[in-house]
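Let me begin by presenting the structure, written as structure tokens, before commenting on it.
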Amino acid sequence: MSLISDFKDFAMKGNVVDMAIGVIIGGAFGKIVTSMVSDIMMPLIGTVVGGVNFTDLKITLKEAVPATDTTAAVDAVTLNYGNFLQVTFDFLIVAICIFAAIRLMAKLNKKKEEAPAPAPEPPAPSKEEILLTEIRDLLKNK
């Protein structure tokens, strides 16, 4: 086989397509959760704890130096722990949502497996079986 046909066979396998769909939906889901956390939950949490905006929380390790005639300006060195808290909250909420979705899917699959399949009806006897049954019954009666 050629390289192109091998790649086509690989790309069209069900698992690859399913994974691609999952990645696309996951990216969109991540944006929704990020917006929910940063636009809805974090302002509420910030209000509860005294109007703190978590993304602005930082520790200045080295102050900024303004520019002079002989030197260029040097930015401040900061430890942005507020942004880390924001990203951590995002991760925890995404993880909880994914856990809930997987648990729901597992419960739905379990209910499907528990439902017993109806027993198949036995097939109707063939003409030969009917004839043999009649012969057996006649021999029994003699």
If I take atom [atom1] from residue [X] and atom [atom2] from residue [Y], how far apart are they, to the nearest 0.5 angstrom?
| X | Y | atom1 | atom2 | answer |
| --- | --- | --- | --- | --- |
| Leu104 | Phe99 | CG | CZ | 11.5 Å |
| Thr78 | Ile59 | OG1 | CD1 | 10.0 Å |
| Leu139 | Glu134 | CG | CD | 12.0 Å |
| Asp75 | Glu63 | CG | CD | 12.0 Å |

When you group the ILVMFWY residues by side-chain heavy-atom contacts below 4.5 Å and let the links chain together, are [Y] and [X] in the same group?
| X | Y | answer |
| --- | --- | --- |
| Leu61 | Leu85 | yes |
| Leu92 | Leu57 | no |
| Phe89 | Val48 | no |
| Tyr81 | Val77 | yes |

Give a yes or no on this: more than 12 heavy atoms of other residues, nucleotides or ligands lie within 6.0 Å of atom [atom1] of [X].
| X | atom1 | answer |
| --- | --- | --- |
| Arg136 | CZ | yes |
| Asp69 | CG | no |
| Ile4 | CD1 | no |

Side chain to side chain contact (heavy atoms under 4.5 Å, CB included) partners of Pro125, counting only residues at least two apart: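 Side chain to side chain contact (heavy atoms under 4.5 Å, CB included) list for Pro125, sorted by chain: Glu129, Ile130.
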Kindly say whether Lys31 contributes a backbone atom to a donor-acceptor pair with the side chain of Ser35 at under 3.5 angstrom?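 No; judged by distance alone, with no hydrogens or angles, the pair does not exist.
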Let me know which of Ile25, Val23, Ile24 forms a side-chain contact (heavy atoms from CB on, under 4.5 Å) with Ile21.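 Only match with Ile21 under side-chain contact (heavy atoms from CB on, under 4.5 Å): Ile25.
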